[in-house]
Amino acid sequence: DEKSVIIYPSSRIAANWLQEAGIRLYPGDTLRYAGLEIPPSFSLPEDGSAELTFEPAYMITLKNAKEDSAVSFASSAATLGEALWEQGILIKKGDKLSLPLSTPLTQSLDVELSTGRQVLLKIGDEILKAYSAATTVEGVLTDAGIHLQGLDFSKPQETEPVPADGRIEVIRVSEEILLENSVIPYSAERVPDAQMAVGEERVLQSGQNGVLTTMLRVRYENGAEVARETQAEWISKQPISQKTAYGTQVVVHTSPEGL
C-alpha cells in the first residue's frame, strides 16, 4: 500500500532522506525521482521541495521442479514477470509457473518453474511440434489445444506419462450405421395338373426375389475403415416362389384304319 511521509531533510542525498524517514534501504530496493530510477547516492535539488519514491524489494525464490534446484533474489518490480525479466530469466513457450507472470509483487513469493520440452504429435498424416511441461499425455494434449472427443484415443493413453522420445499419436475415431440389401433368390415349385397333357406346362405364379437388409456398424480411424460389425438383419421383402403347372394326362393318339 502506498503512503506518504513528509520530512525536512538535513541532507540532499537520497539515502539520507530514507534514513531520516525511518526507512531502511536493502539490496534490490528502488528509488525514483521524477519517475526515473536513481542510485542511493543521488543528490536531490537544493531549491524547493522534492518527491522521492521508495519501492521496497521482495524476495523471490524460484525453484526448478525438474532440476530440483532453486535461486533466490530480491526485486522491487511491479510484477513477477518484470522481476524475472530483470534477472534475465526468460519463460519460454511450454514452460509453466506456479503463479501467473502478472502476479503483483507486494510480498515475498515462492514460485515453482517447470520447464517445457518439445513433443511431436501425430494426427493422421500430419505431425505437429508442441512444447509442454506436462508430465502426462493428457496434459501435453491440453497444452497443445488438442482435445479427444467421442471415441478418439491416443497412443500412449491419456493417463500415461509422456514417452521418453516425446512422440504421441492421436487417433480420430468415427462410426456410421449402414444398411445393405442383398437378394434372396426365389424358389421354383412345380405343380401337377391332371387336366393338362403330358409335356405341357403353364406358369401359375411368377417368381420374385426377396430382399435381406443388414444393419452394419462401420468404424473409421483417421478416416480409414478398420472394422465393420453386423448389428441386425431382417427380411424387408419376402421372396415369392414361382409356380409352374405341368400336365400328367396321357393322351393316346390313334391313326385311321388302313393308314
Side-chain angles (χ1 to χ4, degrees), residues 93-94 96 116-252:
K93 185 178 180 180
K96 277 190 176 180
R117 64 162 174 157
Q118 178 179 286
V119 291
L120 297 178
L121 304 175
K122 185 176 186 297
I123 307 175
D125 295 328
E126 186 178 10
I127 295 181
L128 303 177
K129 288 183 180 180
Y131 296 86
S132 174
T135 58
T136 65
V137 172
E138 182 179 19
V140 169
L141 295 180
T142 299
D143 288 345
I146 297 173
H147 304 285
L148 301 183
Q149 300 176 343
L151 300 171
D152 295 347
F153 64 96
S154 63
K155 295 180 180 179
Q157 297 181 7
E158 287 182 277
T159 55
E160 294 186 45
V162 180
D165 62 3
R167 293 180 178 272
I168 298 172
E169 183 178 4
V170 173
I171 295 89
R172 298 296 190 190
V173 180
S174 62
E175 289 185 342
E176 67 174 338
I177 298 296
L178 297 179
L179 296 179
E180 290 187 349
N181 293 326
S182 57
V183 173
I184 303 176
Y186 65 82
S187 60
E189 184 180 349
R190 293 174 61 80
V191 181
D193 189 336
Q195 302 300 317
M196 296 173 58
V198 173
E200 294 181 351
E201 292 187 352
R202 178 166 56 91
V203 176
L204 303 176
Q205 175 178 282
S206 297
Q208 295 183 21
N209 291 329
V211 177
L212 176 65
T213 300
T214 303
M215 177 187 290
L216 299 169
R217 182 184 298 274
V218 184
R219 179 184 176 96
Y220 301 91
E221 294 182 1
N222 292 332
E225 181 181 331
V226 295
R228 57 174 54 202
E229 179 182 349
T230 299
Q231 300 292 296
E233 285 186 340
W234 65 89
I235 297 176
S236 52
K237 180 183 178 182
Q238 289 287 349
I240 299 175
S241 62
Q242 178 163 303
K243 293 184 179 181
T244 303
Y246 63 92
T248 60
Q249 183 182 46
V250 178
V251 179
V252 179

* To do: Take I123 and L128, measure what side-chain contact (heavy atoms from CB on, under 4.5 Å) needs, and give me the verdict at the end.
  => CA-CA 8 Å; I123 307 175; L128 303 177; 4.0 Å; yes

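- Checked options E225, E176, E175; the residue passing with Y220 is E176 (criterion: side chain to side chain donor-acceptor pair (under 3.5 Å)).
- Taking all atoms of both residues into account, the shortest heavy-atom contact from A144 to A130 is CB-CB, 4.1 Å.
- Between W234 atom CH2 and T214 atom OG1 the span is 8.0 Å, to the nearest 0.5 Å.
- Residue pairs meeting the side chain to side chain donor-acceptor pair (under 3.5 Å) criterion with at least one partner in residues 148-165, sequence neighbours excluded, are D152-R172.
- Between P161 and V137 the shortest heavy-atom distance is O-CG2, 3.9 Å.
- Considering OG1 of T244 and CG of L204, their distance stands at 7.0 Å, rounded to 0.5 Å.
- Looking only at side-chain heavy atoms (C-beta outward), Q208 and K237 come within less than 4.5 Å of each other.
- Under the 4.5 Å side-chain criterion, counting only non-hydrogen atoms from C-beta, P163 is in contact with P156.
- Between F153 and I171, the closest side-chain pair of non-hydrogen atoms falls below 4.5 Å.
- Under a cut-off of 6.0 angstrom, the local environment of CD in Q195 is sparse, with at most 12 non-hydrogen atoms contributed by other residues, nucleotides or ligands.
- Taking all atoms of both residues into account, the shortest heavy-atom contact from L216 to T230 is CD2-OG1, 3.5 Å.
- Here the straight-line distance linking atom CE of M215 with atom CD of E233 works out to 11.0 Å at 0.5 Å rounding.
- To the nearest 0.5 angstrom, I235 atom CD1 is 6.5 Å from L212 atom CG.
- Side-chain atoms of V226 and V173, non-hydrogen and from C-beta on, never get closer than 4.5 Å to each other.
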* **Candidate pair I146 and V140, rule side-chain contact (heavy atoms from CB on, under 4.5 Å), full reasoning** => CA-CA 9 Å; I146 297 173; V140 169; over 6 Å; no

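- Applying the side chain to side chain donor-acceptor pair (under 3.5 Å) test to residues at least two apart or on different chains, the pairs with a partner in residues 124-134 are Q118-Y131, S132-D143.
- Salt-bridge check for E221 with R219: passed, with a basic side-chain N closer than 4.0 Å to an acidic carboxylate O.
- Within the model, atoms CD of Q231 and CZ of R217 stand 4.5 Å from one another, a figure rounded to the nearest 0.5 Å.
- D193 places no side-chain N or O within donor-acceptor distance of the main-chain N or O of Y246, the cut-off being under 3.5 Å.
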